Amino acid sequence: MRYVSTRGKAPPLDFESAMLAGLASDGGLYVPERWPRFSEADIAGFSGLTYEETAFRVMKPFVGESVSDANLRDYVERSYEGFGHAARCPLAQIEPNVFLLELFHGPTLAFKDFAMQLVARLFQAALSRRGERATIIGATSGDTGSAAIEAFRGLESVSVFILFPEGRVSEVQRRQMTTPRDSNVHALAVRGDFDDCQARVKDMFNDARFRREMSLAGINSINWARVAAQMVYYFASASALGAPARKVSFTVPTGNFGDIFAGHAARASGLPIERLVLATNQNDILDRAIGSGHYRTADVKPSISPSMDIQVSSNFERALFEACGRDGNAIAGMMARLASEGGFEIAEPALTWLRERFASGTCTEAETIETIAKTFRRSGAVVCPHTAVGVKVASDQGASRGTAPMVSLATAHPAKFPEAVERAIGISPKLPARFDGIHRAAERVHSVDNDIDEIKDAIRGGLPA
Ligand SMILES: *Cc1c(COP(=O)(O)O)cnc(C)c1O
């Protein structure tokens, strides 16, 4: 399996090289040259398998010859053994026909663990075989950074620097990034918002000299290996609900479009998905773009679902590439207009292509709180604010009346966002017992201005442990 860049100018790479590169050399994102096809018989064969075995079978065609079968099986096994639930991603029913897919049983209690745990093992193996080291840099609105630090800490071949917007992540998210003591992982608190963090990471990747000097690698959701790992739970949950005999719909709380693009990738590879619904909070650029055809950034409005406080949705470029008939020049043009003018138009037939494949909706702050309360009242389930955004939009889509079951992705554990949950239901959700002690552990964090030179210096200096 080879991967091509969405901007058409970078040479195609295999899975391992695309993973190590993160961003393509022309600024684009890697996508499979063509989608593999899982037959109905293949998908029927997933029923009753462990999550790990499903992961092996789903990932295999995407990984290709980059990793041997025995090694891939081993990495998958070890990636999920630290999860707090034997099913890895159990389903919980909350309404007639509506299910939560609980993606929050991993070591940092958000769905990011599913991909990051596996990507860390794939990285370490690839680098040590090549006799190389890498500096992983990433921007986070909270959950990516904690998942990355947790997954990569203690690995020999990598140092990790995570940029997060100071004061805009939850206490648990921050502590998950600042309390690990391993000397190869570092949290940088940037005085700015998430888009600033993401832009500085992009600046560093676009600086060829710095990129070479530090052997930069990226693990943001633009990294294809993460998207590939996230496809697995679409297959696993759909098969638990009767696919391929029965179609299944999904609603995905969306920020950077990585998780929902994994759903698209699953569908493009044969999974019978009826509807794929994207749900945004008040930072609704994607909902506006699909509704109006104008992709136009605005200022980020901090919300109670901070992991979705994003105005530049990186992975949307992959969907646009598909929507534009894989025309790399067209994508390069749109991204140039985004950089120079703050937006671009999605012309026909791309807009219709997108609307046929992605339904969308949005959820205000008040509706988020109301939905946490209502879900608790009606089902006893306690959901995090991101999950609530999805549940609300799924409900607007008439989820409980559809013929296909609606699976709403529960992207984080409610105890990661206790203030919002307590405001809604009067109960502060408890962290699982394995997190006892996180509030007392010493923190290690380095504050920097939203300034590329200051950030580069901090990374070059390899912050004190
Ligand atoms: C990252 C994250 C999201 C958004 O996922 P994208 O892949 O960026 O669309 C939603 N909810 C939670 C809890 C997250 O951590």
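Counting starts at 1 for both ligands and their atoms, following the listed order. Quantities reported herein were computed from a predicted structural model and do not represent experimental measurements.
- Polar contact with ligand 1: present for Gly258 (N/O pair, distance under 3.5 Å).
- Between Phe123 and Phe152, the two ring planes are perpendicular [angle over 60°; tilted spans 30° to 60°].
- Looking only at distances, a side-chain donor or acceptor of Arg275 sits under 3.5 Å from a matching main-chain atom of Gln397.
- A cation-pi contact links Arg267 to Phe358, judged by a cut-off of 6.0 Å to the six-membered ring centre and 45° from its axis.
- Numbered from 1 in the order shown, with element, the atoms of ligand 1 that lie under 4.0 Å from a heavy atom of Thr254 read 9 (O).
- At least one N or O atom of Phe257, backbone or side chain, sits closer than 3.5 Å to an N or O atom of ligand 1.
- Residue Thr362 forms a side-chain hydrogen bond (donor to acceptor under 3.5 Å, both in side chains) with just one option from Asn283, Asp284, Thr280, and that option is Thr280.
- Distance from atom 9 (O) of ligand 1 to its nearest protein heavy atom, with residue and atom name: Gly255 N, 2.8 Å.
- Protein heavy atom in closest approach to atom 12 (C) of ligand 1: Thr411 OG1, 3.4 Å.
- The shortest N/O to N/O separation between Asp259 and ligand 1 falls below 3.5 Å.
- Distances from ligand 1 to the non-hydrogen atoms of Pro253 include at least one value under 4.0 Å.
- Phe261 has its ring centre no less than 6.0 Å from the ring centre of Phe316.
- Between Glu171 and Arg175, at least one side-chain nitrogen of the basic residue sits less than 4.0 Å from a carboxylate oxygen of the acidic one, meeting the salt-bridge criterion.
- Using a 4.0 Å cut-off between heavy atoms, Lys416 makes no contact with ligand 1 at all.
- Of the listed residues (Trp353, Phe250, Phe321), just one forms a ring-ring contact (aromatic ring centres under 6.0 Å, His included) with His264, and that residue is Trp353.
- Considering backbone and side-chain N/O atoms, Thr144 never comes within less than 3.5 Å of an N/O atom of ligand 1.
- Nearest non-hydrogen protein atom to atom 14 (C) of ligand 1 is Lys112 NZ, 2.9 Å.
- Using a 4.0 angstrom heavy-atom cutoff, Phe111 counts as in contact with ligand 1.
- A salt bridge links Glu52 with Arg88: the closest approach of a Lys/Arg side-chain nitrogen to an acidic carboxylate oxygen falls below 4.0 angstrom.
- Taking the six-membered ring where tryptophan is involved, the planes of Tyr80 and Phe114 are tilted, since the angle between them lies from 30° to 60°.
- Using a 4.0 Å cut-off to heavy atoms of Asp143, the atoms of ligand 1 that qualify are 12 (C), 13 (C), 14 (C), 15 (O).
- For the pair Asn256 and ligand 1, the shortest N or O to N or O distance falls below 3.5 Å.
- On a distance-only criterion, Ser221 and ligand 1 share no N/O pair closer than 3.5 Å.
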